[in-house]
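All values derive from a computational prediction rather than experimental measurement. In what follows, chains are A, B, ... by sequence order, proteins preceding strands, each numbered from 1.
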Amino acid sequence: MSLLPLLNSRFAAALSAVGAPDAQPLVQAASRPEFGDYQMNGVMGAAKALKLNPRELAQKIIDAVDLAGIASTLEIAGPGFINIKLDNAYLAAYVETALKDEHLGVEQSPAQHVMVEYSSVNLAKEMHVGHLRSTIIGDALARVQSFVGMSVTRQNHVGDWGTQFGMLVAFLIEEQQSGNAELALKDLEGFYRRAKARFDEDENFANTARDYVVKLQGGDAEVNALWQRFVEVSLSHCNAVYQKLNVLLDDGDVRGESFYNNDLPIIVDELREQGLLVESEGAQVVFLDEFKNKDGEPQASIIQKKDGGYLYATTDLGAIRFRVRELKIDRCLYVVDARQALHFQQLFTIAKKAKFAPENVSLEHIAFGTMMGEDGKPFKTRSGDVVKLVDLLDEAQERAFALVSEKNPGLDEATRREIANAVGIGALKYADLSKSRTTDYIFNWNAMLSFEGNTAPYLQYAYTRVKSIFRKVSDYDQNAAIVLTEPAEHALALELARFSDVVHAVAKDSQPHLLCAYLYSVATMFSRFYENCPVNQDGVTNASRLKVCDLTAKVLAAGLNLLGIKVLEAM
RNA sequence: GCACCCGUAGCUCAGUUGGAUAGAGUAUCAGUUUCCGAAACUGAGGGUCACAGGUUCGAUUCCUGUCGGGUGCGCCA
């Protein structure tokens, strides 16, 4: 069992035994190392409820709690904290067990069907930096959910529908007629810009574009084929980015807005049948008392425009309905910019009221802040343009290549490229994932690639140091008992044993930065261990320590893999 | 106008359901290599947790107000 649930359950039993069955144990990792490994904070609250002296109650709990073989010391401190030091033999056994476990000790949850909606690009344009956070946060969360035993569906809810696609198809026809179509599609961004320019300046073209939207939605074969062609090209651009980013999304995860097109009239009907829909200023809307507009009146969510068209709220409702009824999801994580918070609050409220999703299905907006430039304003090029994502990734790899070449000029170029690609992308992703996602953060090339501090390169380096120990060892006794004696060994083993708790916290709260902080701590503990506890020296191998190293390498690799970051055998 | 997010060391950021003396990294300064990778490690200085009240054994955390920053609020997605 994971450490935290184990300690909490043992203390809960002890609290019951001393007459405080309703009190929470409130066990947490010790806030300071000198307090031990864990601390139990629940005594003060329980003592207050029972009108007892907290330190006396703490002593009773220590007498009652069954932590034989788990804790070596339990001490009362301050107003009534109980400080817990885990037994070295227990930690040694934990490491032993985790080493043999494919999940490295991470407890498996009862399988639920979890959907993670992320990336969700607009296929009309090329991916830009605005898509980075959703793509990498969502990917990490999907990996974490899988790792704790969930059945996971990744969903790339791409924008492949709406008025702009009529414009793009119309322009594609023009380009085909002049024989430039394939070439033009290679630069999707330019294609969009030129199509938009045509749309704005030429009334005839604009009318054609509008006409094509109608034909597209009406199922016209020729227009649909052109649309399909455009979507394929755009998705191939995305897939190239996903591969470079080491993100697991592929074509099988794509279910675009167009997929729900035929359901939209049904959504309107069902909302109307349930008495939720009202006509207002010609549009079909749902009024929600929970939300007020700027006049203090109930906020309207528009479901159908007065011209009969639908909006993205309608599509999102259709998606919820489909996911619940057809895909049987239990939980859906929407990894989307924080600026859409209100939209999701309204969406989820309507979905529950309309019974598109029952109460026990969890719909969660996993909001994130904006990536800022060093001036504290949204990240742009020097000239103020939006940065294409592929350009950002290329720059990360180029910068990493320059650094690797500086550090290791002796390596051949292909090797340096391979290292640089993993380091550059890893640094970029880690810099993002290691911040708490809800707030804006400032993007800084030097900080993320500095190879010092809480960065991906530091973690990747720590991994290569562990692996290099094994390269020095030809053979060792894999059945040797693990014996922990030094403080640095204890600290490292304790950190390794916390893996399960941390991964579960990330799965529950969708906060990848907790995993980053944890891995950084593992790497730090390993470095201290490495300085103080020789593993393989003067031809003598310490098999016990080597096994601790083995788990360290496995946890670092697994943890970084959950973040979508590659490890290297050498760098 | 209303709603949501935010304000913590020079800078970048943590701080888990309220817990002990508010922590990391970076930068600065000072150390460590006949020793498994120094892309490392050790140490030092650095704080009115925006401000003012309140709740309580205890508040960076919860509540109220003020100031400051960001975002959103009916026919785009």
Answer with base, sugar-phosphate or nothing: what part of the nucleic acid does A:S527 contact at a heavy-atom distance below 4.0 Å? sugar-phosphate
Taking the six-membered ring for Trp, is the centroid-to-centroid distance between A:H343 and A:Y312 below 6.0 Å? yes
Short side-chain donor-acceptor distance under 3.5 Å, A:E107 and A:S500: no
Under 4.0 Å between any heavy atoms, over every strand shown, what does A:E281 touch: base, sugar-phosphate, or nothing? Just pick one. base
Applying a 4.0 Å non-hydrogen cut-off, can you work out what A:Y458 is touching in the nucleic acid: base, sugar-phosphate, or nothing? sugar-phosphate
Checking B:G37, B:U12, B:A20 against the side chain of A:A570 (C-beta onward), the nearest is B:G37
Look through every strand shown and name the nucleotide pairing with B:A38 as Watson-Crick or G-U wobble, where both distances are under 3.5 Å. none
Go through B:C36, B:C41, B:A77 for me and flag the one nearest to the A:L311 side chain. B:A77
Under a 3.5 Å cut-off for both distances, is B:G18 Watson-Crick or wobble paired, and to whom? none
Given that both distances must come in under 3.5 Å, which nucleotide forms a Watson-Crick or G-U wobble pair with B:U66? B:A50
Decide if the gap between the ring center of A:F322 and the ring center of A:F259 is smaller than 6.0 angstrom. yes
If you only use heavy atoms from C-beta on, which nucleotide in B:U16, B:G37, B:A77 is closest to the side chain of A:Q28? B:U16
Output field: ring centroids A:Y192/A:F230 closer than 6.0 Å: no
